[in-house]
> 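Next up is a structure, given as structure tokens.
Chain naming here is simple, since letters A, B, ... match the order of the sequence lines and numbering starts at 1 in each.
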Protein chains: 2
Amino acid sequence: MPLAPVQETCAGCPIRHRAVCAHCEPQELERLERIKSYADIAAGAPIFFAGEPMRHVASVVSGAAILSRTLEDGRRQINGLMLPSDFIGRPWRETIPFDVTAASPVRLCRFERIAFEKILGDTPHVSERLLSMTLDDLDAARDWAVVLGRMAARERISAFLLILARRLGRTDRHDPSRVTFSLPLTREAIADLLGLTLETASRQMSALRRDGVIETEGRSTVIVPDLARLQEEAQDDDDGTGLT
Amino acid sequence: MPLAPVQETCAGCPIRHRAVCAHCEPQELERLERIKSYADIAAGAPIFFAGEPMRHVASVVSGAAILSRTLEDGRRQINGLMLPSDFIGRPWRETIPFDVTAASPVRLCRFERIAFEKILGDTPHVSERLLSMTLDDLDAARDWAVVLGRMAARERISAFLLILARRLGRTDRHDPSRVTFSLPLTREAIADLLGLTLETASRQMSALRRDGVIETEGRSTVIVPDLARLQEEAQDDDDGTGLT
DNA sequence: CTTTCGCATTGACGCAGATCAACATCAGAA
DNA sequence: TTCTGATGTTGATCTGCGTCAATGCGAAAG
């Protein structure tokens with residue numbers, strides 16, 4: 001159901017992610033280049049804490065980061081899953097709204113926030129692009145409410161796997177409906193993303209495996225033998241071409 | 001838990017809502033004025049349908065509109081509740097992503113979309129303001145996941161009432177913690193917003209009334225005798241001042 | 001190789017909320 | 001005013017998922 005943002009990288013651009021490089025002039029890229037730095041974070045390690053001053057904005061290069069909020073009694077909800085090409089951070093905001101954690105080993109490309117804002121002010125097309133991306137993210141976040149508010153456990157797991165298949169999946173050379181990807185989240189994280197317990201998440205994964213909707217190899221590799229079948233399970237009417 | 005966007009209107013501005021008028025120069029306001037029109041929609045009537053071409057963007061002047069998505073089997077989730085000062089619509093997008101419906105009688109201030117985009121391109125501060133608002137909406141939408149994914153029915157109802165109290169509530173002259181407002185949604189709509197059934201929504205409202213957390217007058221007037229009490233019920237650690 | 005610890009799986013049981021059903025109340029029409 | 005259909009309330013029962021508990025497995029260290 002929630003539409004996966006399309007991954008866009010522009011070949012030849014030194015900053016290889018959709019947030020800032022699309023349609024940039026050489027001198028603009030150079031300006032961005034000067035304020036950028038890379039950061040590698042180990043799986044499970046915190047990246048930012050909610051409420052902290054926001055010194056950087058960043059783009060995910062590889063791995064998966066999660067945004068989360070934890071209630072006083074320990075209940076945790078993952079509010080966002082950030083995959084390669086996703087943008088983390090908020091220009092013109094002083095503090096970080098959610099805890100950001102590495103779900104798997106993550107590489108970030110960071111930009112010093114204040115300097116990034118200056119560039120935004122000078123280059124309307126970057127600003128416009130950021131607005132467009134944010135509107136996409138807003139739609140995706142609102143779409144997620146359908147998963148959390150109205151879907152059964154099995155449908156939630158299916159919707160989640162479908163998103164990963166679309167964004168991370170490698171299509172089989174001989175059978176385009178067969179897709180393989182590596183799960184970047186533990187069962188607990190999957191549960192916290194989907195509003196379930198880890199036991200229910202595990203049980204539903206097992207059930208999907210029993211029913212032939214997915215296959216697994218080792219602990220983290222998932223194979224979807226027939227993407228259309230998974231779409232049905234996820235109540236997804238979208239054909240994935242993004243042409244709706 | 002979800003922070004209510006602060007209502008901002010600027011006195012003397014002919015377009016009295018935060019989306020476009022803040023900090024506008026007279027000539028910019030005049031340009032906006034030329035492409036704007038008002039629309040009044042009766043309660044329950046559709047405003048836009050998902051998938052339709054988006055001819056307008058709009059701002060809610062009064063009443064309440066809802067964004068919703070309905071699955072093939074009839075399950076509905078309300079993805080957004082738009083109250084006065086909220087902005088509906090997406091520059092640079094051809095189609096409408098959600099069904100938009102009037103939950104109560106709604107007055108919209110509409111701008112022809114293409115012309116609005118031209119103004120955005122010419123006035124960076126309007127564009128920047130729209131980005132800032134969209135980022136706020138994104139945070140609010142992500143915060144909502146905590147309600148849908150991790151909160152019990154009673155907490156969901158409390159969180160919902162707290163949002164309305166903050167955005168629509170009139171504070172009692174003698175007791176600042178006593179707040180009154182009018183519910184713009186039916187029980188069914190409340191349930192669809194909170195991921196519950198209408199029976200559960202009704203039962204929890206009754207329970208909160210029995211326990212003295214709220215009082216009611218007629219079908220739609222709600223009185224919160226002690227806002228702090230409601231905040232506890234909603235697991236809300238925010239003090240509502242927006243200074244966090 | 002074996003140990004070890006974190007993660008995943010599976011089972012048994014209980015409960016919050018869904019479902020089915022009956023009735024109450026309110027607003028608008030006649 | 002009364003009638004009528006929509007909306008809201010409350011009760012009885014069912015069930016999907018949460019909770020508690022035990023066991024299995026696999027990757028990294030020794």
> How close or far is atom P of C:dA16 from atom CG of B:L194, stated in whole angstroms?
19 Å
> Under 4.0 Å between a Lys/Arg side-chain N and an Asp/Glu carboxylate O for B:E155 and A:R75?
yes
> Is it true that B:R209 and B:E215 make a salt bridge, defined as a side-chain N closer than 4.0 Å to a carboxylate O?
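Result for this pair is no, no salt bridge flagged.
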> Considering every strand and a 4.0 Å limit on heavy-atom distances, what is the contact class for B:G44: base, sugar-phosphate, or nothing?
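Counting heavy atoms under 4.0 Å across all strands, no contact is made by B:G44.
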> Between A:R203 and A:E199, does any side-chain N to carboxylate O distance fall below 4.0 Å?
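Here A:R203 does not pair with A:E199 in a salt bridge, since their nearest N and O are not under 4.0 Å apart.
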> Would you say B:T200 reaches C:dA18's phosphate, i.e. side-chain N/O to OP1/OP2 under 4.0 Å?
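Result: yes.
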> Can A:R110 and A:S59 be counted as having a side-chain donor-acceptor contact under 3.5 angstrom?
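On atom types as modelled, these side chains do not qualify, holding no pair under 3.5 Å.
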> Identify whether the distance between the nearest side-chain nitrogen and carboxylate oxygen of A:R69 and B:D143 falls below 4.0 Å.
yes
> Nearest nucleotide by nearest heavy atom, which residue falls closer to the 5' end of DNA chain C, A:R150 or A:M205?
A:M205
> Quick one: is A:S206 getting a side-chain N or O under 4.0 Å of the C:dT10 phosphate, OP1 or OP2?
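So the side chain of A:S206 is within the cut-off, an N or O lying under 4.0 Å from OP1 or OP2 of C:dT10.
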> Figure out the CG/P separation between B:L198 and C:dC20, and round it to whole Å.
13 Å
> Rounded to whole Å, please give me the gap between CD1 in B:I190 and C1' in D:dT9.
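These atoms are roughly 13 Å apart.
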> Roughly how many Å is it from CG in A:L148 to P in D:dC17, rounded to a whole number?
14 Å
> Which is true for A:T197 with a 4.0 Å heavy-atom rule: it touches a base, it touches only sugar-phosphate, or it touches nothing?
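If one applies the 4.0 Å heavy-atom cut-off, A:T197 turns out to touch a base.
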> For C:dT9, take OP1 and OP2 only and decide whether either is under 4.0 Å from a side-chain N or O of A:R209.
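For C:dT9, OP1/OP2 do have a side-chain N/O of A:R209 under 4.0 Å.
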> Could you please name the option among D:dT9, C:dA18, C:dG17 that lies closest to any side-chain atom of B:A153?
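Of all the options, the side chain of B:A153 is nearest to C:dG17.
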> On DNA chain D, check which nucleotide each of B:S202 and A:L196 is closest to and give me the residue with the more 5' one.
B:S202
> Taking CG from B:L185 and C1' from D:dA6, how many angstroms apart are they, rounded to a whole number?
16 Å
> Tell me the interatomic distance from A:E199, atom CD, to C:dT10, atom P, rounded to whole angstroms.
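Rounded to the whole Å, the gap is 13 Å.
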> Take atom CG of B:D192 and atom P of C:dG17, then tell me their distance rounded to the nearest Å.
17 Å
> When only distance counts, do a donor and an acceptor, one from the side chain of A:R203 and one from the base of D:dC17, lie under 3.5 Å apart?
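Result: no qualifying N/O pair found.
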> Between the base of C:dT9 and the side chain of A:R187, is there a donor and acceptor pair under 3.5 angstrom?
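A donor-acceptor contact between them is absent.
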> In whole angstrom, what separates A:E188's CD from D:dT19's P?
13 Å
